[in-house]
Structures are given as structure tokens and as C-alpha cells.
Amino acid sequence: MDHIETLCVQAGYTPKNGEPRQLPIIQSTTFKFTSSQEMGQLFDLEKVGYFYSRLQNPTCDTVAAKICQLEGGTAAMLTGSGQAASFLSVFNICTAGGHIICSAEIYGGTYNLFAHTMRNMGIETTFLPVNPSDAEFDAAFRPNTKLVFAETLSNPSLSVVDIERYADLAHRHGCPLIIDNTFATPVNCRPFEWGADIVTHSTTKYMDGHGAAVGGVVVDSGNFDWTKYPDRFPGLTQADETYHGVVYPERFGKGGAYITKMVAQLMRDLGCVQSPVSAYILNLGLESLHLRMQRHCDNARTIAEYLDNHPKVDYVNCPMLPGNRYHSLANKYMPNGTCGVIGLGVTGGRDAAERFLNALTHCHIATHVSDAHSCVLHPASATHRQMNDAELKAAGINPEYVRLSVGIENVQDILADLEQALSTA
Ligand SMILES: *Cc1c(COP(=O)(O)O)cnc(C)c1O
């Protein structure tokens, strides 16, 4: 197999003689046929092809195929956002009456989705500490548990999940493991190699890498055998009457069943597709993902080491630092580096952190993370500004905590900006 750097550039789109070198944007809602019989076969899933871009579009599928290869999966589907990817990845195998187990340290949007919106849909979630004991883990499983969900590297707390252990425990209970691999990207970690069954991404972050297009993706490893648990996963083992009784694993195999069902049912009915133009932009980002991730990590490591020794910084949160509590797990799963996002506690509390942010010039204040520009966020005065210091503490957010998403600029320029801003804090 080609190396990951080559896949970033070349996977997915392979032009034939005389065809465009760059991925064509097929900006068309619909596709023309000369026989209605042929179109009927597409509707019945008897033939592969395109007929309406709410289900499938060639530009989007090509980019999904690239990400599928990057992760080492068997099938993938782009979605309109990372939120849509998280939702579809779960709802495809867990509907009303189902239960899921999720790591408590996850992206706030995923927490809201699981704890509130999906609960309103009749799906219950148990949130566990990041790396629970076997006993805690085993006790969380119920007869209606359908899956386990976690982030490789959590946003924003930067905890590292022991993927191999999570996969073993989930499999022991007949459940697949879904990993949100947004922060690590397949350049730094490939969860399927550690036993994860399904991977999701917000492609809005490093994959796009330029803050240009919102998007998501779901990738299947093809390893989970749904037919072994017909009672737990009836949607994948019983006939789908909306397609004349198709049984997905029978028609599409272990490698194709999960994603085909997701496209054929959930995209058909929910329509949270990515636009072909966004997929094109995403593909441009992917072509340099390997170079950018390396620079993000190099810059973040240098800056974390500098901040760790700075008198105006109380603490630094970066799993690449030897003193970090997730350092050994980070070395196991992300030996080349984690990502560009780090955290720091500014000496002097909430006011000092605010003064520090206001003094920065190169680093932009933004709610975004994980793109080429360095950017900062002070949760206490932005995303969590309605909370007082005691409430912040209860939510696990320190008033002096600043999240820094280190970009790919020259590291000396970022360091100089941090130095002058810390001197005012
Ligand atoms: C941003 C993010 C999401 C949500 O993605 P959107 O593209 O913003 O919908 C999900 N998971 C993680 C880890 C994220 O950082």
C-alpha cells in the first residue's frame, strides 16, 4: 500500500487519459438516464450509480474514498458537518430504546447531541470517565447497549483514550467502537489499527485546515460482524422494506453494509449532505494534510516547552510534554505528535487571561481550532462566559485557562507574540 503522504495527495481521484488533473466539481443535483428501467435499478440498490445528489454525488464520493483509504477502511460517506457525522454514525445502529456508552471528555457539541437531542429521540447515554476501570466499564453495559463512542484526542481537554482497551471491552459486550478522530487525523493516528470499528471526523478542522468549509465524514473498517448479533442490530440484519427487502450485509458484504444503509436510509431521509464545492475544498486541504500536521505538531511542541518554563504560566496542557498525564498513551497512539491544539493557565486568573488575549496580534481570537492560522479562545470569557468562577470549576474549566490552536506560521513569530502578550498579562 502507498504511504500516507502519497494517499493524501493521490488517493480517491484517478484521472484517465486526457481528463482533468484536479478533481472535477460535479455541481449537479441530478443525473440523466436514457432508460427508466436503469434508473429503477438504481432506486432498488441493484445497480451502483448516481441519480440524485441528496444520496450520492461523484465529487463527494471521490473525496470520501480518499479519506476511506487514509483511515484504512472499506467504505465512507461525507456529511454536511462533523455534528451530522456523529449523529448518523450512532443513529445508523442505535434508534429509540437504545443505549450508548460515551467518554465524558468529548466535544461540547457531541455532548449536547447525545445528552439532550438524542435523549429526546429515546436514546440514552452513559458518560464514563476518560479511561475507566474494567469494572466501571463492564457495569455501564446494558442489554440494549449498541455502541461505545470516544475521541482519540478530546476537544478541548486533550485527554487520550486507550483505543485498544476500549475496543476490547466493547467487543466483549458485542458492541462496536466508534472513534471521533478529528484532532489526531489519520496522519497521526489510525484507530482501525487498534481495533476501532467506525471512525468519524469533523473535516471542518485539520482536514480542511483553512477554516474554509464545514463538513464531516463517517468511515467503516468493515470489521464488525453485525450478523453475529441479529437482535442487537435488527436494522442491519433484517430486510429493509423500503428497498424491496434488501438485507444489507447479504447484498453489500461486511465491508459495505453499514455505509450503504446510512446512505440509502439516513441520507435519503435526513439529507445532511456535503456540497460538491465544499468537498472540492476539503480535497485541496487533504493534499497537504501530512505536511500541515507535522508543522502543527512541531510548532505546538516548541511552544508548549516554552510556556512550560514561563513564569507567567501556571501550567500547560499538551500530551506531547513528558510530564503530561496522557504522555505515554499519546506516545503509543500518536508517536509522531498529537496536534496543534494546546492549553495554558495564565498566572493571575481570569483578568490576566483576558489581558493576555487582548494583547495578542498574530494569534486571532476565534471560536475555531485546527487551521493554518494560530488562534486562541478564553472559555471563561467566551463559550462559558455566563458562569462564575465556582460554576466554571464545577464544569472542569479553570478561569485562567486559555486554549491555543497553534498554526503553521513561523514558530519564532508565534513565540514573540506570546512573549509580548504574556508580559502585559
Ligand atoms: C468540531 C468538532 C465536531 C463537530 O464538527 P462540526 O464540523 O463543527 O459540526 C465534532 N467532534 C470534534 C472532536 C470536533 O472538534
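Read the numbers this way: they start at 1 and go in the same order the structure lists the ligands and their atoms. From a predicted model like this one, the values you see are computed outputs, not experimental measurements.
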Subject >> Contacts of Lys312 that satisfy side-chain contact (heavy atoms from CB on, under 4.5 Å) - sequence neighbours left out >> reply: His310, Leu422
Run through all N or O atoms in ligand 1 and write down each protein N or O closer than 3.5 Å, as a pair with its distance.
residue  : atom   : partner : partner atom : Å
ligand 1 : 5 (O)  : Ser202  : OG           : 3.0
ligand 1 : 7 (O)  : Gly82   : N            : 2.9
ligand 1 : 7 (O)  : Ser202  : OG           : 2.8
ligand 1 : 7 (O)  : Thr204  : OG1          : 2.6
ligand 1 : 9 (O)  : Gly82   : N            : 3.1
ligand 1 : 9 (O)  : Gln83   : N            : 2.9
ligand 1 : 11 (N) : Asp180  : OD2          : 2.7
ligand 1 : 15 (O) : Asn155  : ND2          : 2.9
ligand 1 : 15 (O) : Lys205  : NZ           : 2.6

Original post:
Do any pairs count as a ring pair (Phe, Tyr, Trp, His ring centres under 6.0 Å) and have a residue in residues 71-113, sequence neighbours left out, and if so which ones?
Top reply: Phe87-Phe91, Tyr111-Phe127
Original post:
Are the side chain of Gln56 and the backbone of Val263 linked by a donor-acceptor contact shorter than 3.5 Å?
Top reply: no
Subject >> Tyr326, Phe183, Trp194 screened by ring pair (Phe, Tyr, Trp, His ring centres under 6.0 Å) with Tyr333, the one that passes >> reply: Trp194
Subject >> Partner residues of Val214 under the side-chain contact (heavy atoms from CB on, under 4.5 Å) criterion, sequence neighbours left out >> reply: Ser81, Thr204
**OP:** Decide if the gap between the ring center of Tyr258 and the ring center of Phe224 is smaller than 6.0 angstrom.
**Re:** no
